[in-house]
Protein chains: 2
Amino acid sequence: MKIEDEIKQSAFKDDYQKAYINLVFTAGWLQLRQSAMFKEYGLTLPQFNILRILRGQHPKPATVNMLIERMLDKTSNASRIVDKLEIKELVTRKVCPSNRRAVDIRITDSGLELLQRIDAVMAVQGTGLQNLTAEEAAQLSDLLDKIRD
Amino acid sequence: MKIEDEIKQSAFKDDYQKAYINLVFTAGWLQLRQSAMFKEYGLTLPQFNILRILRGQHPKPATVNMLIERMLDKTSNASRIVDKLEIKELVTRKVCPSNRRAVDIRITDSGLELLQRIDAVMAVQGTGLQNLTAEEAAQLSDLLDKIRD
DNA sequence: TGCAAATATATGTACCTACATTTAATGTTG
DNA sequence: CAACATTAAATGTAGGTACATATATTTGCA
């Protein structure tokens, strides 16, 4: 569906405004579809993303700082998202022995199992960009990089 | 800055994953820049967007339903965002005479003035897509439409 | 060594999203 | 026309974002 119809607006000022609105709208659209996938496993999107970073480190620990660095949303509150994961026993938190200001965060076996189950669904559904060819995806990525130059 | 460096991740599985992450990241990046513009005027991004829809209708009223239809984020809570705008006296809310379930929402003179002041800043800063040519913006929009087909 | 600056995380607050539920008014239909 | 369904908005709740501030630890250096 064209973006004009999605937001019931017939005309845009120019191609820039149209692209901007389309970009924000499509990102939200993709994230909502992703979220729906995790919901049945009791995870939110940021929780899932943090779990994946932790799996990437496993069995080494991560710190809150490292999570923030790698998150898409730098200003989000990693500390409180880790809280939720800890309550669900998907991660552990322990004061770092070599630097008692920092906290070692590790994914638990239960967390690894959960990710594995979600992987299966992800493999089927993909990122949501299946309608593009690989070349188009690369082209899209280049355009986005250029925006932020 | 390339997306790899932005999130300190050196490799992506494929172009699809890279484009997905880039898309979500760039949309967030743009929205953060936009938000910074409104903040000094005491508005959030959703508040600003609703004000603009109301200006488009002015002097006719809008209803909550109409706002939701036109918002980028359909599941957001227009009713409570209007609350905030009403407190700041940027909009008025009045039971619709012809359908007492609905509410007529109108932008006030004060709201129109505020938007006008922000327009000036917007005109200078643009949408944040200035690094693209008009052709690239159009091309971006087409790729995004294709994702959601 | 002692004390200020820097660092790592946690917490407080305002606002937001997502989604379920409630309340009130209006339509519909037997 | 009375009961029930539908519609429009508001409200409740859990979780997130953005940003300021607090607390504890470590570092640097006079």
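As the structure is a prediction and not an experimental result, all values here were calculated from the model. Chain identifiers are assigned alphabetically (A, B, ...) following the order of the sequence lines, protein sequences preceding nucleic acid strands; residue numbering begins at 1 within each chain.
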A side-chain contact here means heavy atoms from C-beta on lying under 4.5 Å apart; do A/I81 and A/T44 qualify? no
For the side chain of [X], counting heavy atoms from C-beta on, which of [options] is nearest?
{"X": "A/V103", "options": "C/dA10, D/dA9, C/dT17", "result": "C/dA10"}
{"X": "A/R80", "options": "C/dT9, C/dT11, D/dA10", "result": "C/dT11"}
{"X": "A/T75", "options": "D/dG12, D/dA18, D/dT17", "result": "D/dA18"}

Once you round it to whole Å, what is the distance between [atom2] of [N] and [atom1] of [X]?
{"X": "A/I68", "N": "D/dA18", "atom1": "CD1", "atom2": "P", "value": "12 Å"}
{"X": "A/K94", "N": "C/dA8", "atom1": "NZ", "atom2": "C1'", "value": "18 Å"}
{"X": "B/F38", "N": "C/dC16", "atom1": "CZ", "atom2": "C1'", "value": "15 Å"}
{"X": "A/N77", "N": "C/dT9", "atom1": "CG", "atom2": "P", "value": "12 Å"}
{"X": "B/L32", "N": "D/dG16", "atom1": "CG", "atom2": "C1'", "value": "14 Å"}
{"X": "B/R93", "N": "D/dA8", "atom1": "CZ", "atom2": "P", "value": "16 Å"}
{"X": "B/K88", "N": "C/dA14", "atom1": "NZ", "atom2": "C1'", "value": "10 Å"}
{"X": "B/L85", "N": "C/dC16", "atom1": "CG", "atom2": "C1'", "value": "13 Å"}

Once ring pair (Phe, Tyr, Trp, His ring centres under 6.0 Å) is applied, do any residues pair with B/Y16, and if so which ones, sequence neighbours excluded? none
Produce the list of close N/O pairs, under 3.5 Å, pairing protein atoms with atoms of nucleotides 22-26 of chain D; give distances to one decimal.
residue, atom, partner, partner atom, Å
D/dT25, OP1, A/R100, NH2, 3.2
D/dT25, O2, A/R101, NH1, 3.4
D/dT26, OP1, A/R100, N, 3.1

Just to confirm, is there a sub-4.0 Å distance from OP1 or OP2 of [N] to any side-chain nitrogen or oxygen of [X]?
{"X": "A/Q31", "N": "C/dT17", "value": "no"}
{"X": "A/K84", "N": "D/dA14", "value": "no"}
{"X": "B/N65", "N": "D/dA9", "value": "yes"}
{"X": "A/T44", "N": "D/dG16", "value": "yes"}

Strictly below 4.0 Å, N to O, side chains only: are [X] and [Y] in salt-bridge contact?
{"X": "B/E69", "Y": "B/K74", "result": "no"}
{"X": "A/D104", "Y": "A/K60", "result": "no"}
{"X": "B/R52", "Y": "B/D119", "result": "no"}

DNA chain C nearest-nucleotide lookup for A/G28 and A/T63: closer to the 5′ end is A/T63
When all nucleic acid strands are considered with a 4.0 Å heavy-atom cut-off, which category describes [X]: base, sugar-phosphate, or nothing?
{"X": "B/D73", "result": "sugar-phosphate"}
{"X": "A/L45", "result": "nothing"}
{"X": "A/K74", "result": "nothing"}
{"X": "A/S35", "result": "nothing"}

Can you check whether B/L45's main-chain N or O pairs, donor with acceptor, with B/S35's side chain at less than 3.5 Å? no
5'-most contact on DNA chain D: B/A36 or B/A62, nearest heavy atom basis? B/A62
CD/A/E89: more than 12 non-hydrogen atoms of other groups inside 6.0 Å: no
Can you list the residues that meet the salt bridge (charged side-chain N to carboxylate O under 4.0 Å, His left out) rule with B/R148, with sequence neighbours excluded? A/E6, B/D145
